[in-house]
Amino acid sequence: MPDYKIAPSLLSADFARLGEEVRAVIAAGADLIHFDVMDNHYVPNLTVGPLVCEALKRHATVPIDVHLMIKPVDRIVPDFAKAGAGIISFHPEASEHIDRTIGLIRDCGCRPGLVFNPATPLDWLDHTLDKLDLVLVMGVNPGFGGQSFIPHALVKIEAVRRRIDAVQQRTGRPILLEVDGGVKVDNIGAVARAGADTFVAGSAVFGATDYPATIAAMRAAIAAAAVEGGG
Ligand code: DX5
Ligand code: ZN
C-alpha cells in the first residue's frame, strides 16, 4: 500500500492563531502542512508570503508544502526556500519558463511540484515529469477554500497515476500525486482509488471541532478504499 499523506491547508485555519493551529494538526496526525500563497493576480484572492512561512517553520515538525498561486513565480522561490519550504509547487500557466522554474526550486534545495487546474491539459507533464517530485491535481479552481470537488478531476488523477507509474517503473524515483480542493471524509476514498497518495484538506480539517478524529476518519476511508480496490 502506498504511504498515504494528509496535508491540512492552513487557508481554513484561524489566521490569528496560526502557530497553534500548525501544532494542533501535526499532533492530530498531519504529514505535511499545506501553505497556500495567493497574489490577487494569478488568482482572485490574497493570502500570505515567505514571512509567515518563516514564522511557522518554528512550529512545523513536518515538511511545509508551499502551493504558489502567483504570477510570476521565479522571483519569490528563493525566499520560500529560505523561509523553510520543503516542497514548492507552481502552476505552469504562471511561469514563462517552466523547466527553469523547476530547476530553480531544486537548486534552492526544495522538492519541485507542478499543479494542474481543472482545465489545464496534462501535456505539460510530457517534458517535465522526470524532473518533478510531486504532481498536484486541483479538485477545484484555485483561489478559495470550501469549494465542491469537481468530479472530472478523478479522471485526471487516474491519468496522472498512469504517467507516474511509468516513470517509477523506469527510474524507481518516487513522485507524489497530490490532490487539492474539495477533499472531504466522504470523497477521499474515491480520490485514493483514482490513484492519489497525498491529500490536501482545508475546510474539512480546520472546519471540524476534532482534528484527530477527522484525520483518523480520512485515513480509515483511504484504507477502506484500498481494500475495496484490492490495492
Ligand atoms: C484552493 C487551495 C486549497 C484550499 C483547499 O485554491 O489551493 O489548498 O485551501 O481548501 P478545501 O479543502 O476547503 O477545498
Ligand atoms: Zn492549495
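Each ligand, and each atom within it, is numbered from 1 in the order the structure gives. These numbers were taken from a predicted model, which means no experiment stands behind them.
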Engineer: Should Ile64 and Val22 be regarded as members of a common hydrophobic cluster, given that ILVMFWY residues are connected when their side-chain heavy atoms come within less than 4.5 Å of each other, either directly or indirectly?
Structural biologist: yes
Engineer: Identify each donor-acceptor pair in which a side-chain atom of residues 44-57 lies under 3.5 Å from a protein atom, sequence neighbours left out, and give them as a table.
Structural biologist:
{"unit_1": "Asn45", "atom_1": "ND2", "unit_2": "Gly143", "atom_2": "O", "d": "2.8"}
{"unit_1": "Thr47", "atom_1": "OG1", "unit_2": "Asp36", "atom_2": "O", "d": "2.8"}
{"unit_1": "Thr47", "atom_1": "OG1", "unit_2": "Met38", "atom_2": "N", "d": "2.8"}

Engineer: Would you kindly confirm whether Ile175 and Ile87 end up in one hydrophobic cluster when ILVMFWY residues are joined by side chain heavy atoms under 4.5 Å apart?
Structural biologist: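 As far as the 4.5 Å side-chain criterion goes, Ile87 and Ile175 are not connected within one cluster.
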Engineer: Using a strict cut-off of less than 4.0 Å between a Lys/Arg side-chain nitrogen and an Asp/Glu carboxylate oxygen, indicate whether Arg111 and Asp65 qualify as a salt bridge.
Structural biologist: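 The answer is no: the pair does not qualify as a salt bridge.
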Engineer: Hey, are Arg162 and Asp165 close enough for a salt bridge, meaning a charged N less than 4.0 Å from a carboxylate O?
Structural biologist: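 Salt bridge flag = no for Asp165 with Arg162.
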Engineer: Between Phe35 and His67, does the ring centre distance come in under 6.0 Å?
Structural biologist: no
Engineer: Only pairs at least two apart or in different chains count here, so list each salt bridge (Lys or Arg N to Asp or Glu O under 4.0 Å) that has a residue in residues 122-139.
Structural biologist: Asp99-Lys131, Arg106-Asp133, Asp126-Arg163, Asp130-Arg170, Asp133-Arg173
Engineer: Near ligand 1, which residues have a heavy atom under 4.0 Å away from one of its atoms?
Structural biologist: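 Only Ser9, Leu11, His34, Asp36, Met38, His67, Met69, Met138, Pro142, Gly143, Phe144, Gly145, Gly146, Asp180, Gly181, Gly182, Val200, Ala201, Gly202, Ser203 have heavy atoms that fall under 4.0 Å of ligand 1, ordered by chain and number.
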Engineer: Given a threshold of 2.8 Å, state how many protein N/O/S atoms are nearer than that to the Zn ion (ligand 2).
Structural biologist: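 Under the 2.8 Å cut-off, the count stands at 4.
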Engineer: Between Arg219 (side chain only) and Gly29 (backbone N and O only), is there a donor and an acceptor less than 3.5 Å apart?
Structural biologist: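 Pair found, side chain donor or acceptor close to backbone of Gly29.
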Engineer: Can you tell me if Ser203 and Lys184 form a side-chain donor-acceptor pair at under 3.5 Å?
Structural biologist: yes
